[in-house]
Amino acid sequence: MKIVVIGGTGLIGSKLVSKLREHGHEAVAAAPNTGVNTITGEGLAEVLKGASVAVDVTNSPDWDDAAALKFFETSTRNLLTYEAAAGVGRHVALSVVGTDWLSESGFFRAKIAQERLIKKSSVPYTIVEATQFFEFIKGIADSSMVGDKVHLPPVLFQPMAADDVASAVAEIAVTPPVNGNVEIGGPEQFRLDELVRRRLATLKDPREVIADPKALYFGAKLSEKTLVPGNNARLGETRFETWLNQSAATVHAA
Ligand SMILES: NC(=O)c1ccc[n+]([C@@H]2O[C@H](COP(=O)([O-])OP(=O)(O)OC[C@H]3O[C@@H](n4cnc5c(N)ncnc54)[C@H](OP(=O)(O)O)[C@@H]3O)[C@@H](O)[C@H]2O)c1
């Protein structure tokens with residue numbers, strides 16, 4: 001089966017392409033440096049020719065509110081238009097658990113817009129909402145600075161390894177579309193502030209992490225369960241401690 005991975009050079013995309021190829025599929029990595037650009041439309045018609053599935057694991061290069069919204073709206077609209085024209089059988093996209101509840105955040109308004117465009121399109125689809133990647137935990141600290149300290153609400157948090165995200169998306173890409181959302185998450189629950197504190201300690205990052213119930217997450221208020229998936233979520237196997245002991249933890253820390 002020909003499966004085009006849009007954003008196939010990124011963290012999840014590159015793992016996904018390898019996993020699909022290991023299972024004997026013709027997986028094509030599409031990104032600006034392979035001549036495919038979802039914003040300009042360059043290369044989209046050619047790469048989607050003969051594809052059964054398109055998987056969208058792109059991300060906006062700029063997370064500023066307006067830039068992220070423009071990226072996800074333009075990219076998703078172009079992609080779905082070219083997929084419909086090429087007769088691609090299904091669209092699989094990676095989003096974030098809790099997206100619907102995070103509309104106070106500019107970045108999440110962009111993900112909401114992406115999900116809405118997919119739901120309105122004529123292309124059959126599955127939207128995979130994942131919890132935060134272990135690889136992203138330092139990024140959460142970086143975006144939660146108040147002065148020289150990290151402020152985070154002590155809410156429930158159930159992150160997962162990028163490798164498990166890619167495995168789940170690879171399986172979902174080759175199964176019939178559900179025309180709805182499916183959730184994936186990690187095998188363990190933590191408190192957000194607690195895990196960020198642990199991650200920074202392993203990186204020997206001296207920043208103090210404050211449990212602050214009023215702190216925002218990318219501009220949005222969180223409730224106790226916003227970041228955790230529902231009971232039907234498919235859970236990854238990799239535990240945080242196991243991931244920490246793998247070299248990937250240090251490679252992606254920068
Ligand atoms: N971070 C998390 O914890 C988390 C949790 C759940 C879901 N997600 C979602 O997972 C998705 C993938 O995240 P990631 O960390 O794997 O992203 P990433 O490593 O930043 O990769 C993004 C990919 O998109 C490509 N791209 C950027 N602009 C493009 C364009 N105009 N046309 C085509 N491709 C373009 C990039 O190509 P270049 O490298 O060539 O620019 C790269 O291949 C995102 O949509 C994100 O919202 C993230």
Side-chain angles (χ1 to χ4, degrees), residues 4-19 27-44 46-48 54-63 67-79 82-83 91-99 102 105-115 117-118 127-143 157-166 168-170 172 181-186 192 195-196 199 217-218 226-229 233 236 240 243 248 251-252 254:
V4 179
V5 180
I6 313 280
T9 58
L11 173 62
I12 301 301
S14 51
K15 292 175 185 289
L16 178 59
V17 167
S18 306
K19 287 176 194 289
V28 181
N33 64 16
T34 72
V36 181
N37 191 319
T38 54
I39 299 301
T40 62
E42 181 199 352
L44 273 179
E46 295 79 357
V47 80
L48 292 171
V55 186
D56 182 4
V57 285
T58 58
N59 207 351
S60 175
D62 182 347
W63 286 29
L69 184 62
K70 192 163 181 221
F71 176 86
F72 279 109
E73 283 189 334
T74 311
S75 173
T76 307
R77 202 174 276 130
N78 283 340
L79 198 44
Y82 280 92
E83 284 171 25
H91 179 92
V92 174
L94 186 57
S95 190
V96 189
V97 163
T99 290
L102 291 164
S105 155
F107 181 80
F108 284 97
R109 283 196 295 278
K111 296 298 285 183
I112 290 169
Q114 176 189 20
E115 291 201 17
L117 285 166
I118 296 167
I127 295 170
V128 185
E129 288 195 333
T131 58
Q132 289 63 38
F133 316 152
F134 292 151
E135 287 79 352
F136 184 58
I137 295 176
K138 180 178 173 290
I140 294 174
D142 295 345
S143 74
F157 185 48
Q158 199 172 331
M160 63 191 297
D163 206 51
D164 288 344
V165 176
V169 175
I172 291 163
N181 291 22
V182 296
E183 290 186 323
I184 60 176
L192 179 57
L195 204 67
V196 172
R199 179 65 182 129
Y217 180 78
F218 291 92
T226 311
L227 300 182
V228 300
F240 182 65
W243 175 81
V251 172
H252 290 293

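Everything quoted here is computed from the prediction, not taken from an experiment. Counting starts at 1 for both ligands and their atoms, in listed order.
- What sits closest to atom 10 (O) of ligand 1 on the protein, heavy atoms only, is Leu94 CD2, 3.2 Å.
- Protein heavy atom nearest atom 36 (C) of ligand 1, with residue, atom name and distance: Thr9 OG1, 4.2 Å.
- Within the listing of ligand 1, atoms 31 (N) sit less than 4.0 angstrom from a heavy atom of Ile39.
- Atom 44 (C) of ligand 1 has its closest protein heavy atom at Thr58 O, 3.2 Å.
- Taking a cut-off of under 4.0 Å to the non-hydrogen atoms of Asn37, the atoms of ligand 1 that pass are 30 (C), 31 (N), 32 (N).
- One distance of note links CH2 of Trp63 with CZ of Phe107; it measures 4.5 Å at 0.5 Å rounding.
- A salt bridge links Lys19 to Asp163: at least one charged side-chain nitrogen sits closer than 4.0 Å to a carboxylate oxygen.
- Ranking protein heavy atoms by distance to atom 19 (O) of ligand 1, first place goes to Leu11 N, 2.8 Å.
- Which parts of ligand 1 touch Ser95 is read off a 4.0 Å heavy-atom cut-off, strictly below it: atoms 6 (C), 7 (C).
- Taking CZ of Phe72 as the reference point, atom NZ of Lys111 lies at 4.0 Å (rounded to 0.5 Å).
- Remark: among candidates Thr38, Ile184, Asp62, the nearest residue to atom 30 (C) of ligand 1 is Thr38, based on non-hydrogen atoms.
- Contact analysis puts Lys111 in contact with ligand 1, with a non-hydrogen atom separation below 4.0 angstrom.
- Residue-ligand proximity: Pro32 is placed with a non-hydrogen atom under 4.0 Å from ligand 1.
- Proximity of Phe133 to ligand 1, defined as any heavy-atom pair under 4.0 Å, is shared by backbone and side chain alike.
- Contacts with ligand 1 closer than 4.0 Å are made by backbone heavy atoms (N, CA, C, O) of Thr131 only, the side chain lying farther away.
- Short contacts between ligand 1 and Val36, defined as distances under 4.0 Å to a heavy atom of the residue, involve ligand atoms 32 (N), 33 (C).
- Here the CG atom belonging to Asn37 is positioned 8.5 Å from the OG atom belonging to Ser75, to the nearest 0.5 angstrom.
- Remark: ligand 1 atoms within the under-4.0 Å shell around heavy atoms of Gly10 are 19 (O), 21 (O), 42 (C), 43 (O).
- Across all their heavy atoms, Val57 and Gly13 have their closest contact at CG2-CA, 3.6 Å.
- Nearest protein heavy-atom contact of atom 28 (N) of ligand 1 is Phe71 CE1, 3.5 Å.
- For the ligand labelled ligand 1, residue Thr34 lies outside the 4.0 Å heavy-atom shell.
- In this structure Glu183 satisfies the salt bridge (Lys or Arg N to Asp or Glu O under 4.0 Å) test with no other residue, sequence neighbours excluded.
- Atoms CD1 and CD1, on Ile127 and Ile172 in that order, are 12.0 Å from each other to the nearest 0.5 Å.
- With Thr99 contributing its side chain and Ser95 its backbone, the two residues share no donor-acceptor pair below 3.5 Å.
- Considering NE2 of His91 and CG of Leu117, their distance stands at 9.5 Å, rounded to 0.5 Å.
- Each of the atoms 16 (O) of ligand 1 lies under 4.0 Å from some heavy atom of Ile12.
- In summary, the atoms of ligand 1 found under 4.0 Å from a heavy atom of Gly7, numbered by their order in the structure, are 23 (C), 24 (O), 25 (C), 43 (O).
- Residues meeting the side chain to side chain contact (heavy atoms under 4.5 Å, CB included) test with Ser143, sequence neighbours left out: Phe218.
- Heavy-atom minimum distance, Ala30 versus Val47: CB-CG2, 4.4 Å.
- Asp56 and Thr58 share a side-chain donor-acceptor pair at under 3.5 Å.
- The protein atom (non-hydrogen) at minimum distance from atom 12 (C) of ligand 1 is Val57 O, 3.4 Å.
- With respect to atom 20 (O) of ligand 1, the closest heavy atom belonging to the protein is Asn59 CB, 3.8 Å.
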